[in-house]
There are 2 protein chains.
Amino acid sequence: MSNINHTLIADFPVFESFSTQELNLVLNNAKSLRYPIGEIIFEQSAPAHSYFFLLHGHIRVTKITPEGKQIGVRYINPGEFFGITEAIGIDRYPATATAAIDSIILCWPSSNWHPLMKDVPKLADKMLKILGRKLQQTHTRIIELTTQSSEQRIANVLLDLSQNSGRQVGENTEITFPISRQDIAEMTGNTLHTVSRILSNWESRSIVKSGRKRISITNLEALKALAQKNT
Amino acid sequence: MSNINHTLIADFPVFESFSTQELNLVLNNAKSLRYPIGEIIFEQSAPAHSYFFLLHGHIRVTKITPEGKQIGVRYINPGEFFGITEAIGIDRYPATATAAIDSIILCWPSSNWHPLMKDVPKLADKMLKILGRKLQQTHTRIIELTTQSSEQRIANVLLDLSQNSGRQVGENTEITFPISRQDIAEMTGNTLHTVSRILSNWESRSIVKSGRKRISITNLEALKALAQKNT
DNA sequence: CGGTAGGTTGATCGCCTTCAAATCGTGTGG
DNA sequence: CCACACGATTTGAAGGCGATCAACCTACCG
């Protein structure tokens, strides 16, 4: 029996309709860990020893090219599994995961994956759906990269982040973890210079308000309009 | 019992280590169909009624953006499943599939998916791996799009196509189905003009030889060098 | 309070798109 | 069998978007 209480995870959508017994099966063999901001959880190409679930915080996932250029893959929100290499039959992490902010995660040894999927088939189903959605999102990303302008891509990333990792503060929606121009550049395929120029421009038009590693959206409608194709 | 003989599929890598009995389970409920060049197999956003396996030929998969711009996703080779929407829990096709050349496919009703996965768990495992590899390939594509020049991206696509869909003809490797500049442009995020210019340039350097909807690589090493990061 | 990581802003350059027009290949109907 | 039509390709010219190079500024941290 696990030393982690099932109520810790019961409310996340992935586990909806799971019985207490099933939750306990899931938590069996799980360890909880705290990662302070900036700490690396796993590194690209390293042998995959564990898989993870984010309880609290935010994780930044990045990939590095053979030429050494870094690109941002995505941000993990609480309630998401990550590093599930066993699911797709690989034995090394395909990317690097870093705590974007102090975070608490659950982790299981990789060897636990197949037994768990067998014991809780419901979870295996979920995993497939998760993979499927990821694949779709990745395709959307490609479409954006090939058909949209820098400005549109940045607008889209910001909308996505505000939707999935945003917090309402008065009139504004602010992104709940520190994110730099460089980070946005790596996610949108731009240089930080371009990102800075565009954000400055938006700031002058009162669409966003941003500071050092902080971004807050003041005019969501305007941003949505920018993300849409127009001139 | 199916009217399709199991030897038709036995030699494809996906089915390696499958028993005759398992193969017959797979073929149960399968229909084989012939699609002439240019014919649409399924269309993006249409309700997913079937899933498919390519026996012979080549299938082009494309996506269309909300703004109406078309992009090329990939080419299916014989031995691959496609349109497996059930696997990722969606009920509409996420892209359009067209016969790039006269093709022969197997097709099953979507409703057959879950029973089959249950009857042949070995196949479910394979499907996960396939999805995983697809996800990885898609990420590679993103990396290429964000970090490489037009020339490098085109070189990479050509290398990929020659590897997976190439035929050795004397000194040259030619791509075994008709593919236009426009097609390559849609796969690499370029205009057909850029593709044409680059191919013309390569032709003058004796790296490729190409005609109307036909491409043949005459100097593989040179192409590999171009795909690599250089100046 | 100094050092440093993050951010801004200007100037220039080049790749690729866009616009335009000509040419080539292929299949088809008279 | 030839002429024609249309799709595919080539090539030129111009222009722009975003990268690159460069310098400076500013907020936070120890």
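A note on names: the letters A, B, ... follow the listed sequences, proteins ahead of strands, and every chain is numbered from 1.
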Query raised in the report: Are any of the side-chain nitrogens in R167(A) or E174(A) under 4.0 Å away from the carboxylate oxygens of its partner?
Result: yes
Query - Partner of I184(A) by side-chain contact (heavy atoms from CB on, under 4.5 Å), out of T194(A), I198(A), L158(A) - result: L158(A)
Query - Out of dC16(C), dT9(C), dC19(C), whichever nucleotide has its closest atom nearest the side chain of N190(B) - result: dC16(C)
Report task. Determine the contact category for S180(B): base if any of its heavy atoms lies under 4.0 Å from a base atom, sugar-phosphate if only primed atoms, P, OP1 or OP2 are that close, otherwise nothing. Result -> sugar-phosphate
Report summary line: Contact span of DNA chain D against chain B, any nucleotide atom under 4.0 Å from a heavy atom, 5' to 3', runs dG7(D) to dA13(D)
Query - Polar side-chain contact R197(A)-dG10(C) base: donor and acceptor under 3.5 Å - result: yes
Query raised in the report: Have T96(A) and R60(A) got a donor and an acceptor in their side chains that come within less than 3.5 Å?
Result: no
Query raised in the report: For L192(A) and dA5(C), what is the distance between atoms CG and P respectively, to the nearest whole Å?
Result: 14 Å
Requested in this report: Starting from C1' on dG27(C), measure out to NZ on K213(B) and report it in whole angstrom.
Outcome: 13 Å
Query raised in the report: Whole Å only: how far is the CG atom of N201(A) from the C1' atom of dT9(C)?
Result: 13 Å
Query raised in the report: Looking at the side chain of H193(B), which of dT9(C), dG7(C), dA20(C) is the nearest nucleotide?
Result: dA20(C)
Query raised in the report: Which residue pairs pass the ring pair (Phe, Tyr, Trp, His ring centres under 6.0 Å) test with at least one member in residues 137-186 of chain A, sequence neighbours excluded?
Result: H58(A)-F177(A), Y75(A)-F177(A)
Query raised in the report: Counting any heavy atom closer than 4.0 Å, what does R212(A) reach on the DNA or RNA strands: base, sugar-phosphate only, or nothing?
Result: base
Query - Smallest separation among heavy atoms of L199(B) and V208(B), with atom names - result: O-CG2, 4.1 Å
Requested in this report: Check whether any side-chain nitrogen or oxygen of S196(A) sits under 4.0 Å from OP1 or OP2 of dG6(C), and answer yes or no.
Outcome: no
**Report entry** Sidechain N-carboxylate O distance under 4.0 Å for E80(B), R74(B)
**Finding:** yes
Can you name the atoms? Protein N/O to nucleotides 12-15 of chain C N/O, anything below 3.5 Å, with the distance.
none

Query - Electrostatic pair E43(A):R92(A) at N-O distance under 4.0 angstrom - result: no
Requested in this report: Decide yes or no on side chain to side chain donor-acceptor pair (under 3.5 Å) for D183(A) and S180(A), but give the supporting numbers first.
Outcome: CA-CA 5 Å; D183(A) 293 333; S180(A) 69; 3.2 Å; yes
Query - 5' priority, DNA chain D, between T194(A) and T194(B) [closest heavy atom] - result: T194(B)
Report task. Using whole Å, report how far CD of E151(B) lies from C1' of dT17(C). Result -> 17 Å
Report task. For T191(A), report the nucleic acid contact type (base, sugar-phosphate, nothing); a contact means any heavy atom under 4.0 Å. Result -> base
Query raised in the report: So which heavy atom on A185(B) is nearest to which on L192(B), and how close?
Result: CB-N, 3.6 Å
